[in-house]
Protein chains: 2
Amino acid sequence: MSTATPADSACCLPTFQGPLTTEEAEPLAAVFKAVADPVRLRLLSLIEHTEDGEACVCDLTAPLGLSQPTVSHHLKILVEAGLLTRTQRGRWAYFAVQRPALDEFGSLLRRRRETAA
Amino acid sequence: MSTATPADSACCLPTFQGPLTTEEAEPLAAVFKAVADPVRLRLLSLIEHTEDGEACVCDLTAPLGLSQPTVSHHLKILVEAGLLTRTQRGRWAYFAVQRPALDEFGSLLRRRRETAA
DNA sequence: CTCACGTATTGACGAATTTCGATGAGTGGT
DNA sequence: ACCACTCATCGAAATTCGTCAATACGTGAG
């Protein structure tokens with residue numbers, strides 16, 4: 001890496017640019033809250049690894065072992081958080097990962113994976 | 001900001017290595033839950049930007065406008081999540097950020113900061 | 001139009017979370 | 001030994017969250 005662009009690397013950079021106000025902390029917490037649930041993390045991982053990169057509700061209830069309204073509820077939260085997109089096609093609603101948003105969690109999740117088991 | 005070229009990054013890599021099981025998702029959700037609260041995010045940002053890189057409870061109640069038990073409670077959650085360390089010195093308990101753990105959130109938080117406004 | 005199907009919403013319930021005041025535990029000075 | 005101080009824990013109130021059954025909505029087929 002000749003052109004060292006520390007855009008992403010965490011080295012020597014403060015995690016926060018300064019003390020957060022409540023107004024600043026609120027939206028950040030909201031995003032984290034969206035992924036602070038095992039079911040929603042599983043949803044994201046399931047959808048990311050589908051054949052076509054998208055899935056409808058009916059594809060997701062079985063793997064999770066949850067009712068359809070519950071799955072719909074979690075999906076809505078993920079869409080509102082900007083982590084999923086929803087496109088209606090015919091009777092079905094297809095959900096796909098919102099790449100840029102999900103990528104923000106990429107390095108974090110991959111690092112966790114290594115230190116996990 | 002136009003020079004945005006992710007270094008460590010996420011390009012072309014899947015965020016999840018595969019569909020998560022409940023057992024895998026659980027600990028991940030736990031970490032996110034720790035930071036899924038405005039008060040706790042403010043605590044982290046406050047402690048990171050103290051003179052000595054550490055703070056006691058009494059330093060933190062005023063900036064947050066919360067009671068001492070409440071602040072203690074949030075600090076405990078952050079310590080248990082591995083995001084803060086606690087060292088008792090005399091009557092005081094000093095809390096400092098756990099660098100490696102907090103750095104995992106670095107790139108994510110900095111990117112959010114830019115797109116916030 | 002009507003019906004079947006996939007999905008969203010509503011209402012309800014128990015569980016978890018956030019917050020506080022009161023109290024308990026540990027430390028250091030007098 | 002006592003007291004003042006810092007912090008943790010307990011108990012409780014208010015709120016939020018996760019879940020489901022029941023129901024409403026919207027779409028395409030017949």
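Chain letters run A, B, ... following the sequence lines, proteins first and then strands; every chain starts at 1. Remember, it's a predicted structure, so these values are computed and weren't measured experimentally.
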- request: For residues T50(B) and I47(B), report the shortest heavy-atom separation together with the two atoms involved.
  value: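 Where T50(B) meets I47(B) most closely, the heavy atoms are OG1-O, 2.8 Å.
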*asked:* If I compare all heavy atoms of A25(B) with all of R42(A), which pair ends up nearest, and what's the gap?
replied: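 Of all heavy-atom pairs spanning A25(B) and R42(A), the closest is CB-CG, 3.7 Å.
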* For chain A, the stretch of DNA chain D it reaches, first to last nucleotide, under 4.0 Å of its heavy atoms ->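 The footprint of chain A covers dC17(D) to dA29(D).
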Counting only N and O atoms by type, is there a donor-acceptor contact under 3.5 Å from the side chain of [X] to the main-chain atoms of [Y]?
| X | Y | answer |
| --- | --- | --- |
| E80(A) | I77(A) | no |
| E48(B) | F16(A) | yes |
| T61(A) | L66(A) | no |
| R112(B) | P27(A) | no |
| D52(B) | E54(B) | no |
| R86(B) | F95(B) | no |
| Q68(B) | C58(B) | no |

Classify the nucleic acid contact of F95(A) as base, sugar-phosphate or nothing, counting any heavy atom under 4.0 Å across all strands shown.
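Sugar-phosphate contact only - F95(A) comes under 4.0 Å of backbone atoms but never of a base.
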Q) Distance only, no hydrogens: is a donor on one side chain within 3.5 Å (strictly under) of an acceptor on the other, for R99(A) and T15(B)? A)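 Note: R99(A) and T15(B) side chains meet the donor-acceptor criterion.
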| query | Near DNA chain D, which residues from residues 56-93 of chain B have a heavy atom under 4.0 Å away? | reply |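 The stretch gives C56(B), V57(B), C58(B), Q68(B), P69(B), S72(B), K76(B), R86(B), R91(B), W92(B), A93(B) as the residues lying under 4.0 Å from the strand, ordered by number.
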Practice prompt. Under 4.0 Å from any atom of DNA chain D, heavy atoms only: list the residues of residues 23-45 of chain A that qualify, in numerical order.
Written response: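 Correct list: K33(A), D37(A), V39(A), R40(A).
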